[in-house]
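Before any comments, here is the structure.
Heavy atoms only: backbone and side chains are in, while hydrogens, waters and symmetry mates are out.
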There are 2 protein chains.
Amino acid sequence: MKQKTTLKQLSKELNVSVSTVSKALNNSSEISTKTIKRVKELAKLYGYKPNPVAVSLKRNKTFTIGILIPDILNHFFAKVLHGIEEQASLKGYKIITCLTNESLDKEKEYLEMLEYNKVDGIIAALSKETQVKEDFSHFKNFKSLDKPLVLFDRITDEIDCDKVLVDDQKAAQDVFEYLKEQNRKNIAVVSTLPHLSVIVARLQGVMTSANQTSTNVKTLMISETKDAESKINDFFKNESFDALIGLDETAASIAINAAKHYQVKIPKDLAIVGFTDGLLAKNAYPKMSVVSQHAIELGKNTVKILLERIENKTLKPKRFIQPTTLIKRASSE
Amino acid sequence: MKQKTTLKQLSKELNVSVSTVSKALNNSSEISTKTIKRVKELAKLYGYKPNPVAVSLKRNKTFTIGILIPDILNHFFAKVLHGIEEQASLKGYKIITCLTNESLDKEKEYLEMLEYNKVDGIIAALSKETQVKEDFSHFKNFKSLDKPLVLFDRITDEIDCDKVLVDDQKAAQDVFEYLKEQNRKNIAVVSTLPHLSVIVARLQGVMTSANQTSTNVKTLMISETKDAESKINDFFKNESFDALIGLDETAASIAINAAKHYQVKIPKDLAIVGFTDGLLAKNAYPKMSVVSQHAIELGKNTVKILLERIENKTLKPKRFIQPTTLIKRASSE
DNA sequence: CTGAAAGCGCTTACAG
DNA sequence: CTGAAAGCGCTTACAG
């Protein structure tokens, strides 16, 4: 087994003190350039790397960020995680990924674990249960430790911290206007996750545009995931519409299948637009138009904001709005 | 800011030494039950939690596992990660998730980072580039540190360590036999990732069964992901078959869309079976039959094996074969 | 410019 | 049964 080099070993070989070695490696101005050179050469030769555990203990800083993700099987979150990971590793931070599985209890548990493990900060999207029960005590508690917290996508006004969010309301308005421009008369809106803050915002966007244009909109909000399929099928049977906005990935995907089931022609008789540019949209038949939330970018931005905050705790909490793009594909044109 | 309680503070309040407090909290037999009780009560009152950074430094153990995942946007890996995370957190281990993005260089970088961060062990699936270039030096290097490594799904014989794998060959044989029982005569096999060890194994399974039954099989192996769609469409145009096995998620999904495009009736004129029970299969129309690799279970098992190895380094490396299940849905019956 | 010493928060072999 | 001391591998204020 290869032995890890330590400062002590280097100092012995170089006949200088451990302090000198440490300072030299950290480019301290106290040390002569000659010594610095000697030290660094030997360190390089031995492939010396400081033990991060010891550095953490001394500096009270772990270069670790805790991430709370509600559901990794959701493409949007997978992409955000991808972005977070990329940006964090670029800046020399590790991430501890915690999957809360949409559960409030797991969220509480993990938050405690992360606190206990001395992460330098936390990035989180609230679990579904947390948003439904509106229990944010654990986050408030965490905030009182004076450690930075950045909330993204699934957020709440109840917690005072940096927030990164998608402009869901505007995105939904864009979709609506796009469909109106196509002269679609009867617009339907479907979601399988009506309790989430993002879905509420999207619905609001649609409704705002609908009111402005005096358009009637049919909505189907399904709170029990398991009924989604039959409810959407019934909706297709009983209502008539020539455009459908799926406020979440699942809703749009089920709808496109329902259309096939009832042999509705897409996009001629029905235009479908979904949210989240994930696998389901790209592999749909026909390919689905969607609002892309630029999830990878969003993940990167979340990390940037957290690191700024770690460096400067006195900044005022801010909101960063991630712009969206409407990707037009065969399901709507 | 809330102040973290330390052993020193407790020892001062209790008028005993730091050593005694430490031993009491660790239930040392050296300490009187009375003292243990006193110490624990105060510790509880103050919500004392040992600083894991200090414990790690002392014990040379971080209770952290490094995870190398080639692509988190792939449903199979997302599910495995889910399982890993669940089992690890159950056993008090944190995970550091690294996404290699199918790149050999990133894999090397991360492996070094994980080593440097003193993880207690590593769980990895090889990146595509690693499998293509057959460069495993970084893993061999890591092994020489005497730290446990468990490889899952994407593995190689070149590295001597514990391995967890899906019985891909057998799974493919099961699929083939299932289709034969349905009296399907012309079986096609398609993959968009022919370089991966798992795909090779699946193809081998199909071929073995085909030889045994003297069945002719048409294969389409696409190595450039971007051509996949047009190649599969051409395949549909030029060849005729009444059953298709998609050796990966994408291949099966594109195939089912091609069938719709050419108005081939599923499952009457064409039965389709894919691999990986992911979103694409569940949301396909008609719903797709697939081989489920029980990814979540697989993730859990990987962690179990790693922790066994951490506790007993002298065990002989073993192979764990995760059984699969054929899930029959509307695309084939 | 260099080094001895203290300390981060723990654990544990040893002494009493 | 309890405690003093050493030590994990670093950093840094202080002295020289």
Side-chain angles (χ1 to χ4, degrees), chain A residues 1-40 42-43 46-64 92 115-120 145 147, chain B residues 1-40 42-43 46-64 92 115-120 145 147:
Chain A
M1 176 166 167
K2 231 163 62 182
Q3 219 22 67
K4 271 282 160 193
T5 323
T6 65
L7 284 188
K8 202 199 259 177
Q9 286 167 41
L10 292 178
S11 80
K12 196 179 274 175
E13 295 232 8
L14 291 161
N15 270 320
V16 292
S17 72
V18 169
S19 332
T20 304
V21 177
S22 169
K23 286 175 189 163
L25 291 172
N26 289 309
N27 291 313
S28 162
S29 58
E30 291 179 21
I31 308 294
S32 69
T33 47
K34 205 179 114 211
T35 309
I36 291 188
K37 197 161 161 255
R38 276 182 67 215
V39 171
K40 287 201 169 173
L42 194 72
Y46 283 5
Y48 170 77
K49 296 261 175 79
N51 179 334
V53 176
V55 177
S56 291
L57 181 60
K58 192 64 198 171
R59 288 239 177 105
N60 199 19
K61 171 150 179 59
T62 56
F63 288 96
T64 304
E115 173 194 333
Y116 165 63
N117 279 291
K118 314 272 176 196
V119 293
D120 294 338
L145 298 176
K147 289 232 177 163
Chain B
M1 178 169 166
K2 228 162 61 180
Q3 214 33 60
K4 270 284 160 195
T5 321
T6 65
L7 284 189
K8 203 200 260 180
Q9 288 167 39
L10 292 178
S11 78
K12 195 179 274 175
E13 294 232 8
L14 291 161
N15 271 320
V16 292
S17 73
V18 169
S19 334
T20 304
V21 177
S22 170
K23 287 174 191 165
L25 291 172
N26 291 310
N27 291 313
S28 163
S29 58
E30 292 179 20
I31 306 294
S32 69
T33 46
K34 204 180 117 209
T35 308
I36 293 188
K37 194 158 165 257
R38 272 183 70 215
V39 171
K40 288 202 168 170
L42 195 70
Y46 283 6
Y48 170 78
K49 295 264 174 80
N51 180 334
V53 175
V55 176
S56 292
L57 180 61
K58 191 65 197 173
R59 288 237 177 107
N60 200 21
K61 170 147 180 59
T62 55
F63 288 96
T64 304
E115 172 193 334
Y116 164 62
N117 279 291
K118 315 271 175 194
V119 292
D120 293 337
L145 299 176
K147 289 232 179 165

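Within the shown strands, D:dA15 is the pairing partner of C:dT2 under the Watson-Crick or G-U definition, both distances less than 3.5 Å.
Side chain of B:Asn51, nearest nucleotide from C:dG9, D:dC10, C:dT11: C:dG9. When the nucleotides C:dT12, D:dC10, C:dG9 are ranked by their closest atom to the side chain of B:Lys23, C:dT12 comes out on top. Taking every side-chain heavy atom of B:Ile31 into account, D:dT2 is the closest of D:dT2, C:dG9, C:dG3.
Neither OP1 nor OP2 of D:dG9 sits under 4.0 Å from any side-chain N or O of A:Tyr48. Of the side-chain N and O atoms in A:Ser28, none sit less than 4.0 angstrom from OP1 or OP2 of D:dT12. Remark: B:Lys61 is not in phosphate contact with D:dC8, judged by side-chain N or O atoms under 4.0 Å from OP1 or OP2. Look at A:Thr35 and you'll find a side-chain N or O under 4.0 angstrom from OP1 or OP2 of C:dT2. Checking the phosphate oxygens (OP1, OP2) of D:dT11, a side-chain nitrogen or oxygen of A:Asn26 falls inside 4.0 Å. A sub-4.0 Å separation between OP1 or OP2 of C:dT11 and a side-chain N or O of B:Ser22 is present. OP1 and OP2 of C:dG3 both lie 4.0 Å or more from every side-chain N or O belonging to A:Ser19. For the OP1/OP2 pair of D:dC1 and a distance below 4.0 Å, the side-chain nitrogens and oxygens of B:Lys34 include no atom meeting the criterion.
The interatomic distance linking B:Asn27 (CG) with C:dT11 (P) rounds to 12 Å, in whole Å. Whole-Å rounding puts the B:Leu25 CG to C:dC10 P distance at 9 Å. Across the protein-nucleic acid pair, B:Leu57 atom CG and C:dC10 atom P stand 12 Å apart, rounded to whole Å. One atom, NZ of A:Lys8, and another, C1' of C:dG3, lie 16 Å apart when rounded to the nearest Å. The nearest whole Å value for the distance from the NZ atom in B:Lys12 to the P atom in D:dT2 is 21 Å. Atom CG in B:Asn60 sits about 18 Å away from atom P in C:dC10, given to the nearest Å. If you take CD of B:Glu30 and C1' of C:dT11, they are 11 Å apart, rounded to a whole angstrom. Here the P atom of nucleotide C:dG7 and the CG atom of B:Leu7 are 17 Å apart, to the nearest Å.
Within a 6.0 Å radius of CG in B:Asn60, other residues, nucleotides and ligands contribute 12 heavy atoms or fewer. Heavy-atom contacts from other residues, nucleotides or ligands closer than 6.0 Å to NZ of A:Lys61 number more than 12.
In this structure, the side chains of B:Leu57 and B:Val53 stay at 4.5 Å or more apart for every pair of heavy atoms. Here the side chains of A:Leu42 and A:Leu14 are in contact, with some heavy-atom distance below 4.5 Å.
Across all strands, A:Val16 comes closer than 4.0 Å only to sugar-phosphate atoms, never to a base (heavy-atom distances).
Position along DNA chain D of the nearest nucleotide to B:Ala54 versus A:Arg59 favours B:Ala54 as the more 5'-ward residue. Projected onto DNA chain D by closest heavy-atom contact, A:Thr20 and B:Ser32 fall at different nucleotides, the more 5' of which corresponds to B:Ser32.
The base of C:dG7 is paired with the side chain of A:Lys58 by a donor and an acceptor separated by under 3.5 Å.
The closest side-chain donor-acceptor pair between B:Tyr46 and B:Glu13 falls under 3.5 angstrom.
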Review point. A:Val21 and A:Gln9: side chain to side chain contact (heavy atoms under 4.5 Å, CB included), yes or no, with the steps?
Key: CA-CA 10 Å; A:Val21 177; A:Gln9 286 167 41; over 6 Å; no
